[in-house]
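Atoms within each ligand, like the ligands themselves, are counted from 1 in listed order. Bear in mind that the values here come from a model prediction, so they are computed numbers and not experimental data.
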Amino acid sequence: MSNSESKYNARIIAFGKYVPDKVLDNKYFESIVDTTDEWITTRTGIKERRILEKGATSDLAVKAIQDMVRRFNIDLDTIEVMIVATVTPDMFFPSTACVIMDKLEMENTWGFDLSAACSGYIFAASTARAFIESGLYKRVLVVGADKMSAITDYTDRNTCILFGDAAACTLFERTENKNDGIIDELLYCDGSGRNHLYMLGGGSLNPASHETVDKKMHYIYQDGKAVFKVAVIGMAEVAYEIMVRNNLKPDDVAYLVPHQANLRIIEATRQRMGIDPEKVMVNIHKYGNTTAATIPLCLVDYYDEGKLKKGDNLILASFGAGFTWGGIYLKWSLD
Ligand code: UT7
């Protein structure tokens with residue numbers, strides 16, 4: 001049962017995904033930077049990632065939403081709010097949410113972008129939950145979409161091998177069943193981590209200039225080792241804590257749905273939870289780190305493989321820039 005005092009819960013009634021066709025495998029990276037397939041595979045678990053050659057984050061998102069419409073016959077006019085989690089908006093403003101709504105002619109919807117990096121989907125799902133549980137709205141669409149290739153320096157072997165482009169979405173709907181959908185959440189920020197993972201240029205601190213371009217300030221910078229140390233603890237602890245808070249034993253958990261940044265972080269989280277390896281959703285080998293899209297992309301892939309069933313207890317967990325991290329206990333609502 002949900003631990004919130006609302007008479008409503010927010011459950012997922014539809015979803016969709018989109019990954020671009022263009023594949024960059026580890027061999028390709030061997031040809032452009034000093035790396036090996038072996039290093040990338042053992043250090044990260046990544047084998048391939050998808051790249052959007054033409055278009056922007058909104059185009060990824062539009063295709064994911066169209067996929068949802070095809071699968072579930074959703075009338076987009078019934079969606080009241082759209083939250084787009086992204087760190088690669090089409091532009092600073094207007095929001096990517098507005099761009100998507102225009103492209104899909106969604107005239108009954110309002111919405112906005114949410115910036116929480118790799119925790120974007122979890123923070124946006126929590127926001128959707130709050131909108132629904134407050135009684136204000138019945139249907140809220142959460143989109144996780146990132147065109148990471150737009151901010152990746154393909155001469156930097158530390159980061160370029162990690163990221164890919166993708167979008168996935170889940171539609172949350174109000175239910176009066178308190179034992180369905182989002183049951184619990186735990187969200188955290190620690191701004192002191194902001195110096196380890198960031199993009200310096202283009203904002204009000206360092207507006208775009210010849211100098212910011214020359215200094216490669218419009219690309220992701222990550223101190224991988226520093227992030228790794230806190231990510232391992234942050235993601236493992238939040239997943240464990242949410243299990244304990246909800247009296248869930250390892251046998252009660254159907255799946256851990258982790259942010260896909262590094263297989264070793266995912267494995268540490270699994271061990272802390274005490275669950276079996278087959279209860280962990282993993283698709284990092286296919287897509288790399290797609291930032292806000294990783295978690296909903298896992299949900300869609302595992303559903304498509306017939307591995308998810310109604311009532312499954314899922315623990316969603318993330319860690320990302322900020323630092324931001326969080327966990328959600330979600331009861332799966334679809335057969
Ligand atoms: O999603 C948002 C949050 N982000 C994360 O959770 C990512 C957290 N960090 C990580 O996943 C890992 O730190 C990385 C995968 C980014 C790096 O793995 P690592 O085991 O921490 O490697 P490292 O950064 O400590 O580098 C080890 C060595 C270094 O060489 P030296 O200094 O030991 O000679 C690097 O220069 O590996 C070198 N290296 C590479 N070698 C081959 C770094 N990148 C590469 C590469 N190929 N692509």
Side-chain angles (χ1 to χ4, degrees), residues 24-49 85-88 115-123 144-149 151-166 187-199 219-239 256-270 272 281-285 287-298 316-327:
L24 297 185
D25 62 11
N26 290 349
K27 282 270 163 231
Y28 170 77
F29 286 90
E30 287 182 353
S31 74
I32 62 164
V33 290
D34 180 16
T35 192
T36 59
D37 171 42
E38 204 265 330
W39 192 96
I40 301 171
T41 307
T42 53
R43 298 290 181 118
T44 71
I46 301 167
K47 297 298 274 184
E48 296 179 350
R49 52 309 266 150
T86 187
V87 288
T88 52
S115 174
C118 296
S119 300
Y121 176 79
I122 289 208
F123 281 27
D146 271 300
K147 185 187 174 185
M148 297 306 289
S149 62
I151 57 167
T152 298
D153 175 0
Y154 285 97
T155 65
D156 175 12
R157 71 174 183 171
N158 291 295
T159 51
C160 71
I161 52 120
L162 298 172
F163 297 99
D165 303 338
L187 307 176
Y188 297 101
C189 281
D190 177 0
S192 69
R194 69 197 166 97
N195 295 323
H196 299 301
L197 179 50
Y198 53 74
M199 189 179 91
Y219 292 129
I220 306 161
Y221 168 82
Q222 174 170 250
D223 176 350
K225 217 186 275 281
V227 178
F228 186 90
K229 277 186 199 152
V230 267
V232 154
I233 296 166
M235 209 161 95
E237 287 307 318
V238 79
L256 162 67
V257 194
H259 170 55
Q260 312 277 309
N262 189 313
L263 205 50
R264 292 180 289 148
I265 299 172
I266 294 171
E267 173 57 16
T269 306
R270 178 193 77 75
R272 182 71 175 111
M281 291 194 185
V282 175
N283 60 15
I284 190 171
H285 52 291
Y287 309 127
N289 183 347
T290 58
T291 304
T294 57
I295 289 175
L297 202 52
C298 273
L316 283 46
S318 69
F319 191 95
F323 293 128
T324 55
W325 69 108

Next item on the list: Pull out every atom of ligand 1 sitting under 4.0 Å from any heavy atom of F319, numbered as shown with elements.
Entry: 2 (C), 3 (C)

Check: Any idea which of N26, I161, T290, V227 brings a heavy atom closest to atom 3 (C) of ligand 1?
Finding: V227

Item checked: Heavy atom of protein closer than 4.0 angstrom to atom 33 (O) of ligand 1 -> no

Next item on the list: Measure the distance from atom 2 (C) of ligand 1 to every protein heavy atom, then report the residue, atom name and distance (to 0.1 Å) of the closest one.
Entry: C118 SG, 3.1 Å

Notebook entry, point to check: N/O of G224 under 3.5 Å from N/O of ligand 1, yes or no?
Noted result: yes

Check: Which atoms of ligand 1 are found less than 4.0 Å from any heavy atom of R264?
Finding: 18 (O), 19 (P), 20 (O)

Item checked: Close side-chain approach of W325 to H259, heavy-atom, < 4.5 Å -> no

Next item on the list: Could you name each residue pair satisfying side-chain hydrogen bond (donor to acceptor under 3.5 Å, both in side chains) that touches residues 29-39, not counting sequence neighbours?
Entry: N26-D37, K27-E30, D37-T41, D37-K47

Please tabulate, for side-chain N and O atoms in residues 223-230, each donor-acceptor pair with protein atoms closer than 3.5 Å (sequence neighbours left out).
| from | atom 1 | to | atom 2 | distance (Å) |
| --- | --- | --- | --- | --- |
| D223 | OD1 | A226 | N | 3.4 |

Margin query: Measuring from atom 6 (O) of ligand 1, which candidate in N158, L162, I265 has the nearest non-hydrogen atom?
Written below: I265

Notebook entry, point to check: Considering only heavy atoms, does W39 approach ligand 1 within less than 4.0 Å through its side chain, its backbone, both, or neither?
Noted result: side chain

Next item on the list: Rounded to the nearest 0.5 Å, what's the gap from CG on N158 to OH on Y221? Could you check?
Entry: 8.5 Å

Check: What atoms of ligand 1 come closer than 4.0 angstrom to any heavy atom of A261?
Finding: 1 (O), 5 (C), 6 (O)

Margin query: Return the closest protein heavy atom for atom 27 (C) of ligand 1 as residue, atom name and distance.
Written below: R43 NH1, 3.6 Å

Margin query: Looking only at side-chain N and O atoms, does D146 offer a donor or acceptor that is under 3.5 Å from a partner on T290?
Written below: no

Check: Does the pair I265 and F319 meet the rule for a side chain to side chain contact (heavy atoms under 4.5 Å, CB included), with working shown?
Finding: CA-CA 10 Å; I265 299 172; F319 191 95; 5.9 Å; no

Item checked: Nearest neighbour in protein (non-hydrogen) for atom 30 (O) of ligand 1 -> R157 NH2, 4.2 Å

Notebook entry, point to check: Hey, does I220 have a side-chain heavy atom less than 4.5 Å from the side chain of T152?
Noted result: yes

Margin query: In the structure I gave you, are the side-chain heavy atoms of F29 and I40 within less than 4.5 Å of one another anywhere?
Written below: yes

Notebook entry, point to check: Among protein heavy atoms, which sits nearest to atom 46 (C) of ligand 1, and what does the distance come to when rounded to 0.1 Å?
Noted result: T35 OG1, 3.3 Å

Check: Is K225 close to ligand 1, meaning an N/O of one under 3.5 Å from an N/O of the other?
Finding: yes

Margin query: Any protein heavy-atom neighbour for atom 41 (N) of ligand 1 (distance below 4.0 angstrom)?
Written below: yes

Next item on the list: Under 4.0 Å from a heavy atom of T44: give me the atoms of ligand 1 that qualify, with their elements.
Entry: 15 (C)

Checklist line | Heavy-atom check, side chain of C118 versus side chain of N289, under 4.5 Å | finding: yes

Checklist line | Contact partition for F29 relative to ligand 1, non-hydrogen atoms under 4.0 Å | finding: neither

Check: So do I161 and R49 actually touch side chain to side chain, heavy atoms under 4.5 Å?
Finding: yes

Check: At the 4.0 Å heavy-atom cut-off, does I40 count as touching ligand 1?
Finding: no

Next item on the list: Report yes if the side chains of S149 and Y154 come closer than 4.5 Å at any heavy-atom pair, otherwise no.
Entry: yes

Notebook entry, point to check: Any N/O of Q222 closer than 3.5 Å to an N/O of ligand 1?
Noted result: yes

Note to self: Below a 4.0 angstrom heavy-atom separation, can you tell me which part of N262, side chain or backbone, both or neither, approaches ligand 1?
What the structure shows: side chain

Check: Does some non-hydrogen atom of the protein lie less than 4.0 angstrom from atom 20 (O) of ligand 1?
Finding: yes

Next item on the list: State the atoms of ligand 1, each with its element, that fall below the 4.0 Å cut-off from a heavy-atom position in D34.
Entry: 42 (C), 47 (N)

Next item on the list: For T291 and ligand 1, answer yes if some heavy atom of the residue is under 4.0 Å from a ligand atom, otherwise no.
Entry: no

Checklist line | N/O donor-acceptor pair under 3.5 Å between Q260 side chain and P258 backbone | finding: yes

Checklist line | CG on L187 to CD1 on I122, rounded to 0.5 Å | finding: 7.5 Å

